[in-house]
Amino acid sequence: GMMMVDPSGRLTAAQCLENSWIPVSEAPSTHADVPHRICPTLRHRVLTVALLIPAATKATPPLYDAFQKADVAGRMALNRRQWVAALEGYREIGEKADALFCSLSARTTELPTVELEFSDFVVAFLVAQPRALAKYLQEVDNIQGDQAGDGFLPATWAAESVGCPETCECKATDIVQ
């Protein structure tokens, strides 16, 4: 159909998109409370919260259990549908699950084939709770200031920038300040 010499016999663009041979990408989802893109700086800070303050990731059911249950292929990564199914049961996240997947996978245009790991799952859980995250980030800043150079954290860690560079597009400063 599409390669017909006679234009009257060719398929229309709409007909082509309906063909199973042409994959249709799902549009990225957004939510007002979720940054368009979660940059490496924010991701690093949020994972630091998860490591230093275990209570920050306490959930029912436990995050790892929900992740493993959704990971039916055992690949230690979830595609978009698995991700949403696993996260939408948490009241902290609910309708933000799809937007969080899109924010964390913004580094690629291959949205239908993207799979995210457990660390991203943890980041999503915390980013979905901006007030709690801001409180935990302040606690981490205090811990880092107290423990920098004692062997637990690198001496330069506390001196690192606590936010994203001004050129960053993730708008994380709106969430964590």
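What you see is a predicted model, and the numbers here were worked out from it, not measured in a lab.
Counting only distance, with no hydrogens or angles, the side chain of Q129 and the backbone of F125 share a donor-acceptor pair below 3.5 Å. Using modelled atom types, one side-chain atom of D71 and one backbone atom of M76 make a donor-acceptor pair closer than 3.5 Å.
Taking the side chain as every heavy atom from C-beta outward, V114 and F101 approach each other to under 4.5 Å.
In this structure, F121 CZ and L100 CG are separated by 10.5 Å, a value rounded to the nearest 0.5 Å. Between the CG atom of D98 and the CH2 atom of W83 there is a distance of 10.5 Å, given to the nearest 0.5 Å. Between atom OG of residue S103 and atom CG of residue L116 there is a gap of 10.5 Å, rounded to the nearest 0.5 Å. Atom CG of L42 and atom CG of L133 lie 7.0 Å apart (nearest 0.5 Å). Atom CG of L126 sits about 12.0 Å away from atom CZ of R43, to the nearest 0.5 Å.
Annotation for A86 and L78: closest pair CB-CD1, 4.3 Å, computed over non-hydrogen atoms. Of all non-hydrogen atoms in Q82 and A70, the two that sit nearest each other are NE2-O, 3.5 Å. Nearest heavy-atom pair, V123 versus V46, reported as atom, atom and distance to 0.1 Å: CA-CG1, 3.8 Å. Here the closest non-hydrogen pair linking L87 and A97 is CB-CB, 3.9 Å.
Remark: E88 engages no residue in a side-chain hydrogen bond (donor to acceptor under 3.5 Å, both in side chains) (not counting sequence neighbours).
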Can I get a per-line list of side-chain donor-acceptor pairs under 3.5 Å for residues 50-63, giving both atom names and the distance, sequence neighbours left out?
unit_1 : atom_1 : unit_2 : atom_2 : d
T57    : OG1    : P54    : O      : 3.3

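Side-chain atoms of S105 and R80 form no donor-acceptor pair, as typed in the model, at a separation below 3.5 Å.
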